[in-house]
Amino acid sequence: MNATGRAASAPNEDPGLREGFGLLETSGLTVRFGAVIANQDIDLRVEPGSFVGLIGPNGAGKTTFVDALTGFVPTSSGSVVFDGKPIDDLPAHKRAQSGLVRTFQQLELFEDLTVWHNLLVAGEKPGWRALLSDLIQPGRRSAGVPDAEWALSAVGLDGLRDALPNELSHGQRKLVGVARALAARPKLLLLDEPAAGLDTAETRALGGQLSTLTDHGISVLMIEHDMNLVLSLCDHIHVLDFGQKIASGTPDEIRSNPVVVSAYLGQSASSTEATP
């Protein structure tokens, strides 16, 4: 998976992005909660067009790291550069508007809205111009319609646009959450445990849909505990333990890294294999 395979209709093609510069780069990122250090001096880079994994045991600081990237918790020190620009001083909504979009572990869909309208809400651009347009043309075609249509297609849910969330399987609900994030047209999508609660078949289906995202010009940073999913999808993997990065490398390098095996996998390296 790489940028060369992007579809012609990719939403975030950026020919001006200089080769050799990461789409996302953190340097010395540290997050403290009182005396507790949740993240310590984390350097991490996500290349344009890549699918990157972030793994580690429970309590390793993975979600806190994503919270810091997206502006939901303040950093104590270090820096975050996104798309060539420092974003440390930007609030969460400004970071999202710049193309840094995330999902959450707890999937909160609007249960009384169809799948389609859940996506339209996410794709609608806030601001006084949109409000004025609604007042002048209350029946206007939403500006988010093309984004919602593309997002539904990207996750394979075209046939469920009129369904309510309670009519969907857990796996389909997860895909709606991904589609809702995609409707915001991200440059980098941060996935926080997208396979949590899914059975094997649902995880395989989810993986099949997620594997196409880089073809649409979207880079991905994914937190996930399902190692088969991580090893089969990711180009590069970073490993956290006790708030620090302890390893970084390709899936093959991570699979056989004794430090990772000891800290996270809890089994011999030879017994951990990706599912085809």
Side-chain angles (χ1 to χ4, degrees), residues 23-46 50-80 82 87-88 90-96 98-109 122 170 173-178 180-182 184 186 188-198 203 206-207 210 213 218-227 229-231 233-234 236-248 254 260 263-266:
L23 177 61
L24 173 74
E25 298 188 44
T26 70
S27 177
L29 189 147
T30 299
V31 177
R32 293 186 178 90
F33 299 109
V36 177
I37 301 177
N39 292 148
Q40 184 171 7
D41 296 326
I42 298 177
D43 297 339
L44 186 145
R45 178 183 173 114
V46 177
S50 64
F51 201 120
V52 177
L54 183 64
I55 66 172
N58 288 328
K62 304 182 298 297
T63 295
T64 298
F65 180 74
V66 170
D67 287 343
L69 292 181
T70 51
F72 285 87
V73 300
T75 57
S76 302
S77 60
S79 64
V80 181
F82 178 66
I87 61 171
D88 303 282
L90 294 182
H93 72 281
K94 290 292 186 181
R95 298 188 193 199
S98 73
L100 188 62
V101 179
R102 67 174 297 177
T103 64
F104 292 85
Q105 291 182 21
Q106 299 300 320
L107 187 61
E108 299 291 345
L109 300 179
H170 189 53
R173 289 174 65 92
K174 285 281 189 175
L175 285 174
V176 173
V178 173
R180 192 166 59 179
L182 290 177
L188 176 60
L189 179 61
L190 307 173
L191 298 172
D192 196 350
E193 298 192 24
L198 303 188
T203 299
L206 175 69
L210 295 181
L213 294 182
I218 297 173
S219 303
V220 181
L221 176 62
M222 179 178 72
I223 296 174
E224 184 51 59
H225 283 291
D226 188 308
M227 286 303 299
L229 186 65
V230 172
L231 293 172
L233 285 179
C234 295
H236 198 85
I237 301 169
H238 300 277
V239 188
L240 300 186
D241 195 20
F242 294 105
Q244 295 180 300
K245 191 171 80 170
I246 62 171
S248 179
I254 293 301
V260 177
Y264 181 57
L265 301 183

J.: What distance separates Glu25 CD from Ser79 OG, expressed to the nearest 0.5 Å?
T.: 9.0 Å

J.: Not counting sequence neighbours, which residues clear side chain to side chain contact (heavy atoms under 4.5 Å, CB included) with Ala196? List them please.
T.: Lys174, Glu193

J.: Got a sec, which residues hit side chain to side chain contact (heavy atoms under 4.5 Å, CB included) with Thr203, two or more places apart in sequence or on another chain?
T.: Ala195, Leu198, Asp226, Leu229

J.: Side chains of Ile42 and Val31, heavy atoms from C-beta outward: is any pair under 4.5 Å?
T.: no

J.: So which heavy atom on Thr103 is nearest to which on Ala181, and how close?
T.: CG2-CB, 3.9 Å

J.: What's the verdict on side-chain contact (heavy atoms from CB on, under 4.5 Å) for Val230 and Ile254, showing C-alpha distance, side-chain angles and the deciding distance?
T.: CA-CA 11 Å; Val230 172; Ile254 293 301; over 6 Å; no

J.: Kindly indicate, with the supporting measurements, whether the criterion side-chain contact (heavy atoms from CB on, under 4.5 Å) is fulfilled by Met227 and Ile55.
T.: CA-CA 9 Å; Met227 286 303 299; Ile55 66 172; 3.9 Å; yes

J.: Return the minimal non-hydrogen interatomic distance between Gly61 and Asn39, and the atom names on each side.
T.: O-ND2, 3.0 Å

J.: Leu69 pairs by side-chain contact (heavy atoms from CB on, under 4.5 Å) with which of Leu188, Ile87, Leu24?
T.: Leu24

J.: Enter the distance from Leu191:CG to Phe104:CZ here, rounded to the nearest 0.5 Å.
T.: 12.0 Å

J.: Would you find a donor on one side and an acceptor on the other, under 3.5 Å apart, between the side chain of Thr64 and the backbone of Ala38?
T.: no

J.: Any side-chain to backbone donor/acceptor pair from Ser50 onto Val46? Under 3.5 Å, distance only.
T.: no

J.: Apply side-chain hydrogen bond (donor to acceptor under 3.5 Å, both in side chains) to Asp41 and list each qualifying residue two or more places apart in sequence or on a separate chain.
T.: Thr30

J.: Is there side-chain contact between Leu190 and Ile223, with at least one heavy-atom pair below 4.5 Å?
T.: no

J.: Among residues at least two apart in sequence or on other chains, which ones pass side-chain hydrogen bond (donor to acceptor under 3.5 Å, both in side chains) with Ser248?
T.: His236, His238

J.: Could you list the residues that satisfy side-chain hydrogen bond (donor to acceptor under 3.5 Å, both in side chains) with Thr63, not counting sequence neighbours?
T.: Gln105, Asp192

J.: Is there side-chain contact between Phe82 and Leu90, with heavy atoms separated by less than 4.5 Å?
T.: no

J.: Going by atom type alone, with no hydrogens or angles, which donor-acceptor pairs under 3.5 Å involve a side-chain atom of residues 240-247 and a protein atom two or more places apart or on another chain?
T.:
from: Gln244; atom 1: NE2; to: Gln40; atom 2: OE1; distance (Å): 3.4
from: Lys245; atom 1: NZ; to: Asp43; atom 2: O; distance (Å): 2.6

J.: Could you tell me whether a side-chain N or O of Thr26 sits under 3.5 Å from a main-chain N or O of Leu44, the two making a donor and an acceptor?
T.: yes

J.: Where is the tightest heavy-atom contact between Asp88 and Arg95, given as atom of each residue plus distance?
T.: O-NH2, 3.1 Å

J.: Output all residues satisfying side chain to side chain contact (heavy atoms under 4.5 Å, CB included) with Leu213, sequence neighbours left out; order by chain, then residue number.
T.: Leu182, Leu189, Leu210, Val220

J.: I need the minimum non-hydrogen distance between Gly197 and His170, along with the two atoms involved.
T.: O-CD2, 3.3 Å

J.: For Arg173, give me all partners under salt bridge (Lys or Arg N to Asp or Glu O under 4.0 Å), at least two apart in sequence or on another chain.
T.: Glu111

J.: Less than 4.5 Å apart, side chain to side chain, heavy atoms only: is that true for Lys62 and His225?
T.: yes

